[in-house]
2 protein chains.
Amino acid sequence: MDSATYLAAAEQHCSQQGCKLTAVRRQVLELVLRHQGVVKAYQILADLQKERGLAAPPTVYRALDFLVEQGLLHRVDALNGFIVCRHFECRHEGLILVCETCGQVGEVDAGSCLAALRAASAGMGFTVNPQNLVITGQCKECTA
Amino acid sequence: MDSATYLAAAEQHCSQQGCKLTAVRRQVLELVLRHQGVVKAYQILADLQKERGLAAPPTVYRALDFLVEQGLLHRVDALNGFIVCRHFECRHEGLILVCETCGQVGEVDAGSCLAALRAASAGMGFTVNPQNLVITGQCKECTA
DNA sequence: TTTGTGATGTTATACAGTAACATTTGCGAC
DNA sequence: GTCGCAAATGTTACTGTATAACATCACAAA
């Protein structure tokens, strides 16, 4: 799926949720798309300033928060960064793997494992936040 | 295990690893122990300043980094905080659950599930960082 | 005693995130 | 149209988190 298609799908997704992918939000999403892997808020801020001259942190954070809420982005706590979610429609059960060293992103289907984890956690009265199932470690290149 | 016992065990653990639980490091560990659940670096900094008058961020961060390296603490990325690891000897396979709202900490034995996750990730050439298996979500009280 | 190494102190600064309030924009009611 | 509301965005200033870079200290081996 190329960026244009993705953005169109994202726009449709938002309106289905009863909210709008406004110009700023769309632009921020585009900027995140342009990078591979993890991007930082202040990187996006710098990019945004190049494109539209002025922009302050709240502008970027508001857009990022919105996009995360809509499931279009994931936050990667370990890196204070954000990555694009390429299948926001399907409430995916795949785990996202992020390399702490290079920021490269992979994804592994771990539905059954996750179900077990959720069950175990639920037994302790604990609800796992499905948005936060981003696991960090080292990718092949960075391990070597 | 009370704090004194824990600290003694921690000291022994460090010397077995060929490094030292110095005064500052020990004091920081004590301060973390005194809180339940997650503590922030700047909270520890404030505590430390109360006890010894002067201390700057690097002092605290260096001690915390050391303690995390030694497996005595876990970092909780989602909260920019730290929690005590009470069984640093056994390379535990338990998942640590942290409530994003109140900082309460639980633990669930998820060895089999984790093994599956590691196997799946390894298939993609990705090494999961065992120190980072801290999952965030909502605890029973905060869900209600 | 010298010298090297690891730990700590110190200053300054970079990076991350948010509070609070002003302003604009889109849109339905009238 | 224009009034008034609500949502989004702009703006300023600040708080919180973390680290770079360099100085100093303490201790042990040569």
Side-chain angles (χ1 to χ4, degrees), chain A residues 10-11 14-15 17-32 35 38-49 51-70 72-83 100-101 103 132 136, chain B residues 10-11 14-15 17-32 35 38-49 51-70 72-83 100-101 103 132 136:
Chain A
E11 195 139 20
C14 287
S15 65
Q17 305 299 311
C19 54
K20 275 185 283 187
L21 190 65
T22 62
V24 187
R25 291 166 177 173
R26 186 192 176 91
Q27 197 173 0
V28 167
L29 182 54
E30 274 189 72
L31 290 169
V32 178
H35 295 264
V38 179
V39 205
K40 307 249 193 172
Y42 273 64
Q43 178 62 58
I44 295 299
L45 177 58
D47 295 350
L48 199 61
Q49 284 168 342
E51 296 204 349
R52 62 160 52 197
L54 32 68
T59 301
V60 171
Y61 280 102
R62 284 196 280 238
L64 290 171
D65 288 349
F66 171 86
L67 296 167
V68 168
E69 250 171 48
Q70 293 305 309
L72 298 167
L73 299 182
H74 291 290
R75 219 203 110 94
V76 184
D77 290 317
L79 302 172
N80 295 326
F82 299 84
I83 53 178
E100 284 180 328
T101 305
N132 273 9
T136 56
Chain B
E11 195 141 19
C14 287
S15 65
Q17 305 300 311
C19 54
K20 276 185 283 188
L21 190 64
T22 61
V24 187
R25 290 166 177 172
R26 186 192 177 90
Q27 197 172 0
V28 167
L29 183 53
E30 275 189 71
L31 290 168
V32 178
H35 295 263
V38 178
V39 205
K40 307 252 194 168
Y42 273 66
Q43 178 62 58
I44 295 299
L45 177 58
D47 295 350
L48 200 61
Q49 284 168 340
E51 297 203 351
R52 61 160 52 197
L54 30 69
T59 301
V60 171
Y61 280 102
R62 285 195 280 237
L64 290 171
D65 288 349
F66 171 86
L67 295 167
V68 168
E69 250 171 48
Q70 293 306 308
L72 298 168
L73 298 182
H74 290 290
R75 219 203 109 96
V76 184
D77 290 316
L79 301 172
N80 295 325
F82 299 84
I83 54 178
E100 284 180 329
T101 305
N132 273 10
T136 56

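Throughout, protein chains are lettered first and strands after them, A, B, ... in sequence-line order, and every chain is numbered starting at 1.
- At whole-Å resolution of the value, CD in B:Gln70 and C1' in C:dA7 are 14 Å apart.
- B:Lys40 places its NZ atom 16 Å from the P atom of C:dA16, with the value rounded to the nearest Å.
- Between B:Asn80 and C:dA16 there is no side-chain polar atom (N or O) within less than 4.0 angstrom of OP1 or OP2.
- Side chains of A:Gln70 and A:Gln17: no donor on one and acceptor on the other come within 3.5 Å.
- Distance B:Leu45 CG to C:dT8 P: 15 Å, rounded to the nearest Å.
- Looking at every heavy atom in both residues, B:Lys20 comes nearest to B:Phe66 through O-CZ, 3.5 Å.
- Spacing between atom CG of B:Leu64 and atom P of C:dA7 amounts to 15 Å, rounded to whole angstrom units.
- Considering only the side chain of A:Lys20, C:dC27 comes nearest among C:dG9, C:dG17, C:dC27.
- For B:Asp77 and C:dG17, the CG to P distance is 12 Å, given to the nearest whole Å.
- You'll find that the side chain of B:Ala56 is closest to C:dT11, out of C:dT18, C:dG17, C:dT11.
- Between B:Leu79 and A:Phe66, the residue whose closest nucleotide on DNA chain D is further toward the 5' end is A:Phe66.
- Each of A:Ala55 and B:Tyr61 lies near DNA chain D, and the nucleotide nearest A:Ala55 is the one positioned closer to the 5' end.
- Atom C1' of nucleotide C:dA16 and atom OH of B:Tyr42 are separated by 12 Å, given to the nearest angstrom.
- Note on B:Thr59: every side-chain N or O is 4.0 Å or more away from OP1 and OP2 of C:dT10.
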B:Leu79/A:Asp77 under side-chain contact (heavy atoms from CB on, under 4.5 Å): CA gap, chis, key distance, verdict: CA-CA 8 Å; B:Leu79 301 172; A:Asp77 290 317; over 6 Å; no

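- When DNA chain D is scanned in the 5' to 3' direction for atoms under 4.0 Å from non-hydrogen atoms of chain A, the outermost contacting nucleotides are D:dA8 to D:dT12.
- Between B:Gln49 atom CD and C:dG9 atom C1' there is a gap of 13 Å when expressed in whole angstrom units.
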Verdict with reasoning, A:Asn80 to A:Arg75, per side-chain contact (heavy atoms from CB on, under 4.5 Å): CA-CA 7 Å; A:Asn80 295 326; A:Arg75 219 203 110 94; 3.3 Å; yes

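- Put simply, CZ on B:Arg62 is 8 Å from P on C:dG9, counting in whole angstrom units.
- For the residue pair B:Ala55 and B:Leu45, the shortest heavy atom distance occurs at O-CD1, 3.5 Å.
- With DNA chain C read from its 5' end, the first of the two nearest nucleotides for B:Ala63 and A:Pro57 is the one closest to B:Ala63.
- Residues passing the side-chain hydrogen bond (donor to acceptor under 3.5 Å, both in side chains) test with A:Glu11, sequence neighbours excluded: A:Arg26.
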